[in-house]
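Accompanying notes for the structure given below.
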Amino acid sequence: MPEPRDWDSEWLTLSATALDAVSRAETLEALEAARVDFLGRERGRLTGLLRSLKDMSIEERRRLGPQANALKDALEKSLEARRRSLESAALESGLAASRVDLSLPPPPWPRGRRHPVAETLREMTGILARLGFAPAEGPLVESDRNNFAGLNIPADHPARDLQDTFYLKDLPLLLRTHTSPVQVRYMEAHKAPLRIMSPGRVFRHEAVDASHSAVFHQVEGLYVDRKVSMADLKGTLSTFMRGLFGPQAAIRFRPSFFPFVEPGAEVDVRCLLCAGKGCPACKRTGWMEMLGAGLVHPNVLRFCGIDPGQWSGYAFGVGVERIALLRYGVPDIRMLYENDLRVLESLAP
Ligand code: PHE
């Protein structure tokens, strides 16, 4: 015969510890452990006692049965209440930990800025816009007609050579070698009078070195009206160069040849480094070659359907990188394209 169990004393410890264990649980895990300890289906101590009611004497059962069931109800209610309070405490502390203090200053934000070429381009078009030039654009892939033929460049001209021009494979097209084809496009479409600027990328099949890149940018200017003269051109370019390099910038015209202008000129700016005294940067000439320009050739006007007897015009084309190198004091054009942030961030006009 096994020892008869002392139900009263078992009940006493159980009822004294159960509710206490619940209120002492500090975490949801501890609370679950307490639940299993008392109400677990297999080994729960209160579950066990309730299961044992059938082994008790009638008298014991009458005494303990209602109390044990009442404790079970109370325990379940208290477990539920404690679970809710632990859960909301966990939520609160999670929220507190991730709270954003909107009054704090923001962390330092890396500031971007324009690339020197983009910035130079922007200033160039800004000055020309104030002089009344309207923006016009053309495609990078061009026809021979617009890039050469319409510009009075003969079929045997060296610029058409494979050495200088990128031609598209299997197509009668090329990458424009200058922004001048936009002249042809615009004059054909709009006739005279007109005053446009055309910024954009151009391509030349040439070896890359400190001052040459196969891809670079130009800004084209074109003005067609009645009685446009070299004097108009010189005034505009003088203002343009002073806008870019400051009021002391002086220009001179040197006779030169481009098939699409007559007369043609190369425009020099007085050396920005030695102010004309002569230094290595200007090869001791006191002048720096800056752009090509001239009066639009009558053949070009005619090609575009504009009567050269009625209208005349000037055109110019400026390399953007050349200006950027001078303004930012960069010694090598490749520094503008390698996109080494340490270099770009150090550049200031
Ligand atoms: N298109 C010429 C070049 O790329 C520049 C130029 C433009 C010259 C307009 C005269 C007139 O060299």
Side-chain angles (χ1 to χ4, degrees), residues 121 124-125 128 131 133 136-140 142-154 157-161 163-166 174-187 194-206 211-225 228-238 240-241 251-269 288-301 303-304 306 308 311-324 333:
L121 194 56
M124 292 170 77
T125 53
L128 292 175
L131 291 173
F133 290 80
E137 278 191 278
L140 307 185
E142 263 296 4
S143 59
D144 180 287
R145 173 189 188 275
N146 291 336
N147 195 83
F148 294 127
L151 289 165
N152 197 37
I153 300 175
H157 193 278
R160 294 184 169 214
D161 200 293
Q163 296 295 319
D164 297 303
T165 304
F166 290 110
L174 47 86
L175 298 183
R176 67 180 184 185
T177 58
H178 50 185
T179 41
S180 301
V182 182
Q183 289 189 34
V184 177
R185 288 176 172 273
Y186 204 90
M187 284 192 281
L194 55 85
R195 180 165 14 207
I196 56 156
M197 57 175 164
S198 186
R201 201 172 300 178
V202 301
F203 307 83
R204 295 214 185 142
H205 198 313
E206 57 190 2
S211 51
H212 294 86
S213 166
V215 183
F216 58 103
H217 298 78
Q218 288 186 334
V219 176
E220 192 85 6
L222 173 68
Y223 174 42
V224 179
D225 209 322
V228 175
S229 71
M230 284 297 267
D232 297 317
L233 174 60
K234 197 163 186 180
T236 298
L237 289 178
S238 174
F240 187 22
M241 291 299 119
I251 63 168
R252 74 174 183 187
F253 276 27
R254 237 178 332 104
S256 186
F257 177 76
F258 301 94
F260 35 95
V261 287
E262 182 56 37
E266 252 166 312
V267 181
D268 299 339
V269 172
M288 294 174 140
E289 188 185 317
M290 210 54 74
L291 57 105
L295 295 188
V296 182
H297 198 290
N299 287 351
V300 176
L301 292 174
F303 184 92
C304 298
I306 295 174
W311 305 94
S312 60
Y314 65 63
F316 57 87
V318 202
V320 179
E321 280 76 358
R322 201 171 154 56
I323 307 265
I333 196 170

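Note that ligands are numbered from 1 as they come in the structure, with each ligand's atoms numbered from 1 the same way.
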Regarding S198 and E220, is there a side-chain donor-to-acceptor distance under 3.5 Å anywhere? no
Can you find a side-chain donor-acceptor pair between Q163 and H205 that sits under 3.5 Å? no
One pair per line, please: each N/O atom of ligand 1 matched with every protein N/O atom under 3.5 Å away, atom names first, then the distance to 0.1 Å.
residue: ligand 1; atom: 1 (N); partner: H178; partner atom: ND1; Å: 3.0
residue: ligand 1; atom: 1 (N); partner: S180; partner atom: OG; Å: 3.0
residue: ligand 1; atom: 4 (O); partner: R204; partner atom: NH2; Å: 2.9
residue: ligand 1; atom: 4 (O); partner: Q218; partner atom: NE2; Å: 2.9

Give the intermediate values and the outcome of side chain to side chain contact (heavy atoms under 4.5 Å, CB included) for residues R204 and H212. CA-CA 9 Å; R204 295 214 185 142; H212 294 86; over 6 Å; no
Hey, are D225 and R195 close enough for a salt bridge, meaning a charged N less than 4.0 Å from a carboxylate O? no
Between M187 and C304, which heavy-atom pair has the shortest distance, and what is it? CB-CB, 3.6 Å
Would you please indicate if the ring centroids of H178 and F258 are separated by under 6.0 Å? no
